[in-house]
Amino acid sequence: MSVLRLRTENRIVDQCLAAPERARYGGGMTEFDRGTNGTKFVLLHNRAHSLQAVRLEKGNLYTFSGKCYNMKLFLLLMSRPVGPCRDSIVHDGCLAWIRIGKGSESESESVAVVFNASDGRLIHGGETIAKQGCWSLLKGGIVAEFSGLVEILLMGRAKGVEIWVDNVSLQPFTSKQWRSHQEKSIHKVRKKKLSFTVTYANKTAVDGALISILQTESGFPLGCGMNHKILTSEGYRKWFASRFKVTSFTNEMKWYSTEKVRGDENYTVADAMMRFAKRNGISVRGHNVFWDNRRMQPKWIKDLGPAELKKAVTRRLNSVVSKYAGQLTGWDVMNENLHFHFFEDKLGKNASYVLYSMAYHLDPNTTLFMNEYNTIENSKDHTATALNYKKKLEKILSFPGNKGLKAGIGLQGHFGAARPNIVYMRSALDILGTMGLPIWLTEVDVRKGPNQAEYLEDILREAYSHPAVKGIIIFGGPKVSGFDVMTLADSEFKTTRIGEVVDKLIKEWKFGRKQVRTDGRGWCEVSLFHGDYEVNVYHPLTKLSASISFKVAEDMENSTVFVQFDV
């Protein structure tokens, strides 16, 4: 298996093709690499059809793939959804090609892959929307928590669906192989190879020049949540400022915090936190303008009629967005409006689209985010799957007046205490990555458990290695902050075990300081993380020196730094 390579590709994730691609890895552990391009297929007759039984090894990561087309599958409408993520093509784990026949009642149907363990457990692995007339890709997979046999099931929710399935592949990867792929991806997407050329004023090459390189600021925003307790704790302020350059306030910008009484707006706490952030060079994500959950509204809002609510909503949006316009790296305009629909129920089905449009015109240069939970962390939640998320965001962007809106994808990332399915996580990121928009993990935490630190590291590495992810906010802090899910430092600000993981990755994903030497051509090469750098060049014999500053960016074109000694 040493020659196998994992692929993180967006090319075919959300396309429906005239002919399916061949199964990856020659079918891997499955027997469905037919290379038939749809001329042969597996006929599904029951609501849950077993493709094959395979043996899993504990600790391995399994990616599934294949193709499906025009087969009769009579699926009874289940009382409970069984698939891992409705309306979603899922990760580089399971992969299959799916198509429904022309005789189906609908033009598209949800088809899921589920791993049926010998003890009766159904382990959700992925889901796609199968369509008529073309082949859809089903991606998915699992991280094996046990060794033993499982059946690969294809399951659906609709009645009388004609489905073809072909070119299925299930491939195992060890955790070491998976980590190797992450490291290769990090090197590719988070670094850039730069060459230095050092010359004298007459263009003669400087042999043996010492180049001391120091990264002063990371180019990747890895930040942490912050709350009002930072205003009263010097220790909290020092702890935070020494580690993080980006943050989201937990509650202090929310409507229920800034307007507890109707008409009485108070931004005192949020403004004080903004001043602290600015003094310390910390960027702030705006969280949030609105929250679509009825329980999370100011108390006085809930009983307003449509006309009065519209006035209040307009006043809120004009107030908070205008106040912080141009000062934030992004705004969560509507929080959790896949799971909830308070404003849609009160103001009409287009309410959230209108609010994004209004925010855009008030602050056109700030990235406006959707922000949802369970899109990457819970394959059983069918409401906020990657495809549902994508559809919602596409509707926002296509709404009249929203042309040019700078949109972002916010994924909260509240993981449970069980081992995270990072195979599923990768597939969701792949799907959303096809939009070409910045993805941020906005509220990452892991519930307490014996493996909390290990699981957090797995999640952060998976996110950081994905090319579509442009920022991460961890939801944790020192004990004094009150973050009780993830406490990163104790009451004396000594780093906890989970805090050590965060500090380790901050250090690992920063270049730090390094010295290199030019050769006889006055040349040397080094791979640098994206970010800001200060460079000192010194020749030990001539005692000549020079200093420069520069930024290494993802879109940087010039990969050569020229340094000239002036005598």
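From a predicted model like this one, the values you see are computed outputs, not experimental measurements. Index from 1, following the sequence.
Using a 4.0 Å cut-off between charged side-chain N and carboxylate O, Glu457 and Arg461 make a salt bridge. Salt-bridge check for Glu308 with Lys311: passed, with a basic side-chain N closer than 4.0 Å to an acidic carboxylate O. A salt bridge is absent between Glu500 and Arg497; no separation between the charged side-chain nitrogens and carboxylate oxygens falls under 4.0 Å. Residues Glu217 and Lys245 are not paired through a salt bridge, judged by the lack of any N-O separation under 4.0 Å between the basic side chain and the carboxylate. Taking 4.0 Å as the cut-off between side-chain N and carboxylate O, Arg179 and Glu183 do not count as a salt-bridged pair. In this structure, Glu145 pairs ionically with Arg419, as a charged nitrogen and a carboxylate oxygen lie closer than 4.0 Å. With respect to Glu554 and Lys191, no salt bridge is recorded, no charged nitrogen being found less than 4.0 Å from a carboxylate O. Ion pairing between a basic and an acidic side chain is recognised when a charged N comes within 4.0 Å of a carboxylate O; Lys551 and Asp532 show such pairing.
Ring pair Trp291/His287 is tilted by interplanar angle, where 30° to 60° counts as tilted. Ring pair Phe475/Phe483 is perpendicular by interplanar angle, where above 60° counts as perpendicular and below 30° as parallel. Classified by interplanar angle (parallel below 30°, tilted 30° to 60°, perpendicular above 60°), the ring pair Tyr464/Phe529 is tilted.
With sequence neighbours excluded, the residues forming a ring pair (Phe, Tyr, Trp, His ring centres under 6.0 Å) with Phe399 are Tyr353, listed by chain and number. Partners of Ala384 according to the side chain to side chain contact (heavy atoms under 4.5 Å, CB included) rule, which considers only residues two or more places apart in sequence or in another chain, are Leu338, His339, Glu372, Thr375.
Within the model, atoms CD1 of Ile213 and CZ of Phe550 stand 6.5 Å from one another, a figure rounded to the nearest 0.5 Å. Note that CD of Glu508 and CG of Leu460 are 11.0 Å apart. Values are rounded to the nearest 0.5 Å.
Geometrically, Lys323 engages Tyr267 in a cation-pi contact, judged by NZ or CZ lying under 6.0 Å from the ring centre and within 45° of the ring axis. Stacking of Arg190 on the aromatic ring of Trp509 is not recorded, the 6.0 Å distance cut-off and the 45° axial limit not both being met. Stacking of Arg285 on the aromatic ring of Phe369 is recorded, both the 6.0 Å distance cut-off and the 45° axial limit being met.
With hydrogens and angles ignored, the 3.5 Å screen pairs a side-chain donor or acceptor of Lys448 with a backbone N or O of Asp484. At distances below 3.5 Å, at least one donor-acceptor pair connects side-chain atoms of Trp300 with backbone N or O atoms of Glu259.
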